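Have a look at the structure below before the remarks.
By convention in this document, chain letters (A, B, ...) are assigned in the order of the sequence lines, proteins followed by strands, and residues within each chain are numbered from 1. The shown structure was predicted, so the numbers you read here are calculated from the model rather than taken from an experiment.
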There are 2 protein chains.
Amino acid sequence: MQVKLEDIIQSIYFLPQEVLDDVLGNFKHLEYPKNHFLLKPGKPCKHIWFMTKGAVRYYYTNEQGKEMNTWFSMDRQVIADTSSLVKKEPSEESIQLLEDSEMYAIEYTSLQTLIQKHHAFSLWYIKLVELYYIAQIEDRLTDLQFLDAKQRYQKLLSLYPDITNRISLGNIASYLNISQETLSRIRAGKI
Amino acid sequence: MQVKLEDIIQSIYFLPQEVLDDVLGNFKHLEYPKNHFLLKPGKPCKHIWFMTKGAVRYYYTNEQGKEMNTWFSMDRQVIADTSSLVKKEPSEESIQLLEDSEMYAIEYTSLQTLIQKHHAFSLWYIKLVELYYIAQIEDRLTDLQFLDAKQRYQKLLSLYPDITNRISLGNIASYLNISQETLSRIRAGKI
DNA sequence: ACCATTTTTTGATTTACATCAAAAGTATTC
DNA sequence: GAATACTTTTGATGTAAATCAAAAAATGGT
């Protein structure tokens with residue numbers, strides 16, 4: 001049962017048919033296997049991906065070569081390195097599939113052309129940015145500021161109840177910025 | 001020597017004269033004394049402020065009643081609780097002046113009208129959001145994830161070299177999420 | 001200039017979590 | 001189905017920074 005691109009687009013902000021038709025032609029449907037990289041450090045992020053199925057992790061590699069996860073996105077979510085995207089600078093992070101995944105992609109340059117061309121589409125993009133980028137990044141920020149590891153784990157669980165079946169303890173511990181031993185103890189209720 | 005609103009606006013994204021004229025009429029010039037609140041928790045954030053002079057802190061009050069600073073903005077910066085603004089939900093944070101300050105303000109509802117009315121202004125707002133909101137929030141996020149207290153302090157100092165003369169140690173320690181004793185020891189080079 | 005208040009510094013103690021080390025459990029391959 | 005390689009759990013120890021307590025320094029008001 002395939003999610004329709006048209007529905008994803010119209011659910012963000014309604015576009016008149018004429019604009020929608022032009023927009024749809026700029027998206028590609030893509031399928032990639034587990035472990036595929038959507039983005040590698042040093043490369044600028046040139047796409048926005050609308051996932052329809054699968055899971056990804058965002059991560060940085062620090063000076064000691066340790067991979068540090070910063071976020072997971074699963075199923076119906078918008079994927080991009082927004083910082084690299086809008087600054088047009090090389091990415092510092094990797095985006096890697098954790099499962100075989102399906103998605104629609106649009107190039108940022110196409111998007112720029114479309115917002116110049118269609119007033120309605122510029123309003124659509126504002127909604128996307130406000131609702132997806134800002135709302136999500138702000139949530140992550142307040143989590144990081146105010147919640148301890150245990151609370152952040154519980155919040156992650158409430159966001160993705162099946163995450164323990166889909167993402168390894170090590171990957172989750174890396175996201176929580178705690179050792180996997182500590183996460184194991186949290187799970188066992190010993191903390 | 002007053003910063004001109006027109007220059008602030010045009011530096012973000014160039015607007016044709018006709019649009020600029022309409023836009024300028026929607027801004028108010030404001031002056032407030034030290035300790036004034038631009039925003040209090042429970043109230044939705046309804047404005048975007050363009051500071052021209054002064055300093056503010058953003059902070060949350062946690063369950064124990066402790067105030068936790070999340071950000072400082074000084075002089076020429078854009079101020080808003082972007083999360084409350086775009087979600088149109090009550091704010092969870094306070095924005096308080098730390099110095100007598102001057103700024104221009106626009107209501108979010110006026111801004112919405114203007115982006116519907118002028119295609120050029122919707123493109124202006126996209127630039128504002130991309131360059132100010134996203135770039136800044138992403139920077140804060142990566143700082144929080146990867147830098148320890150000392151590194152975050154040094155980064156804050158490089159961003160605002162005169163911050164120690166303008167903002168108290170306690171306020172800065174709260175932002176760094178460390179005790180003020182620890183910040184004092186960092187300053188003394190004992191850490 | 002002096003007193004009151006606030007801010008910053010210093011020292012002693014406690015604590016949460018990292019790290020180290022190893023065992024137990026689970027998955028993958030031949 | 002034994003062998004090998006991951007993943008997760010458990011236990012012991014170390015450490016950075018919080019907390020507690022109090023002194024010192026700076027700031028503000030009269």
Side-chain angles (χ1 to χ4, degrees), chain A residues 33-35 55 57 59-70 72 96-100 143-157 160 162-191, chain B residues 33-36 55 57 59-70 72 96-100 143-157 160-191:
Chain A
K34 180 174 173 170
N35 296 325
R57 66 170 177 141
Y59 71 92
Y60 284 72
T61 306
N62 71 8
E63 312 75 47
Q64 291 86 50
K66 191 176 158 198
E67 293 177 2
M68 304 175 77
N69 294 332
T70 57
F72 303 108
Q96 185 184 28
L97 301 188
L98 295 174
E99 299 175 352
D100 298 346
D143 283 8
L144 267 181
Q145 296 250 22
F146 304 121
L147 304 184
D148 62 24
K150 189 176 179 181
Q151 291 170 315
R152 291 208 297 136
Y153 178 58
Q154 283 159 347
K155 208 163 164 186
L156 190 68
L157 277 182
Y160 299 123
D162 58 346
I163 200 168
T164 46
N165 303 323
R166 294 173 75 176
I167 294 174
S168 73
L169 177 131
N171 264 327
I172 295 171
S174 164
Y175 161 73
L176 297 172
N177 211 7
I178 58 175
S179 67
Q180 58 179 4
E181 293 92 330
T182 299
L183 178 54
S184 176
R185 286 184 249 260
I186 287 172
R187 280 191 179 168
K190 291 174 185 168
I191 288 184
Chain B
K34 179 172 174 172
N35 295 325
H36 175 83
R57 65 171 179 141
Y59 71 92
Y60 285 73
T61 306
N62 72 8
E63 312 75 49
Q64 291 86 49
K66 191 176 157 198
E67 293 178 1
M68 304 176 77
N69 294 332
T70 57
F72 303 108
Q96 184 185 29
L97 301 188
L98 294 173
E99 299 176 352
D100 297 347
D143 284 6
L144 267 181
Q145 295 251 24
F146 303 120
L147 304 184
D148 61 25
K150 190 177 178 180
Q151 292 170 315
R152 289 208 299 136
Y153 178 58
Q154 283 160 348
K155 206 164 165 186
L156 190 68
L157 277 182
Y160 299 121
D162 58 346
I163 200 167
T164 46
N165 304 322
R166 294 175 73 177
I167 294 173
S168 73
L169 177 133
N171 265 327
I172 297 172
S174 164
Y175 162 72
L176 296 172
N177 211 6
I178 59 176
S179 67
Q180 56 179 4
E181 292 91 331
T182 300
L183 178 54
S184 176
R185 285 185 249 260
I186 287 173
R187 282 192 177 167
K190 291 175 183 165
I191 289 181

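- When the side-chain nitrogen and oxygen atoms of A/S184 are compared with OP1 and OP2 of D/dT8, none of them lie within a distance under 4.0 Å.
- Within the 4.5 Å cutoff, the side chain of B/I172 has no heavy atoms near those of the B/N69 side chain.
- One interatomic measurement links the two molecules: NZ of B/K34 to P of D/dT27, which rounds to 12 Å at whole-angstrom precision.
- Judged by distance alone, the side chain of B/Q96 and the main-chain N or O of B/R57 form no donor-acceptor pair under 3.5 Å.
- Going from atom CD of B/E67 over to atom C1' of C/dT6 covers 15 Å, rounded to whole Å.
- The residue B/S168 sits close only to the backbone: its heavy atoms come under 4.0 Å of sugar-phosphate atoms, none of a base.
- Remark: the backbone N or O of A/S174 is not paired with any side-chain donor or acceptor of A/Y59 at under 3.5 angstrom.
- In the set D/dT10, C/dT8, D/dT8, D/dT10 carries the atom at the smallest distance from any side-chain atom of A/E181.
- Shown here is B/K34, whose NZ atom has no more than 12 heavy atoms of other residues, nucleotides or ligands within 6.0 Å.
- Residue A/T182 places its side chain closer to C/dA18 than to any other of C/dT7, D/dT8, C/dA18.
- Contacts of A/A149 with the nucleic acid, taken as non-hydrogen atoms under 4.0 Å apart, are absent.
- The nearest whole Å value for the distance from the CG atom in A/L183 to the P atom in C/dA16 is 18 Å.
- Remark: C1' of C/dT10 and CD of B/Q180 are 13 Å apart, rounded to the nearest angstrom.
- Residue A/N177 is classed as a sugar-phosphate contact, given heavy-atom separations below 4.0 Å to backbone atoms only.
- Distance CG (B/L176) to C1' (D/dA18): 15 Å, rounded to an integer number of Å.
- Using a 4.0 Å heavy-atom cutoff across all strands shown, A/I178 reaches sugar-phosphate atoms only and no base atom.
- Cation-pi check for B/R152 over B/Y175 is met; the charged atom lies under 6.0 angstrom from the ring centroid and within 45 degrees of its normal.
- Whole-Å rounding puts the A/Y153 OH to D/dT8 P distance at 10 Å.
- Rounded to whole Å, the distance from CG on A/L169 to C1' on C/dA27 is 16 Å.
- Nearest-nucleotide positions on DNA chain C for B/N171 and B/R185 put B/N171 closer to the 5' end.
- As rounded to whole Å, 11 Å separates atom P of C/dA18 from atom CG of A/D148.
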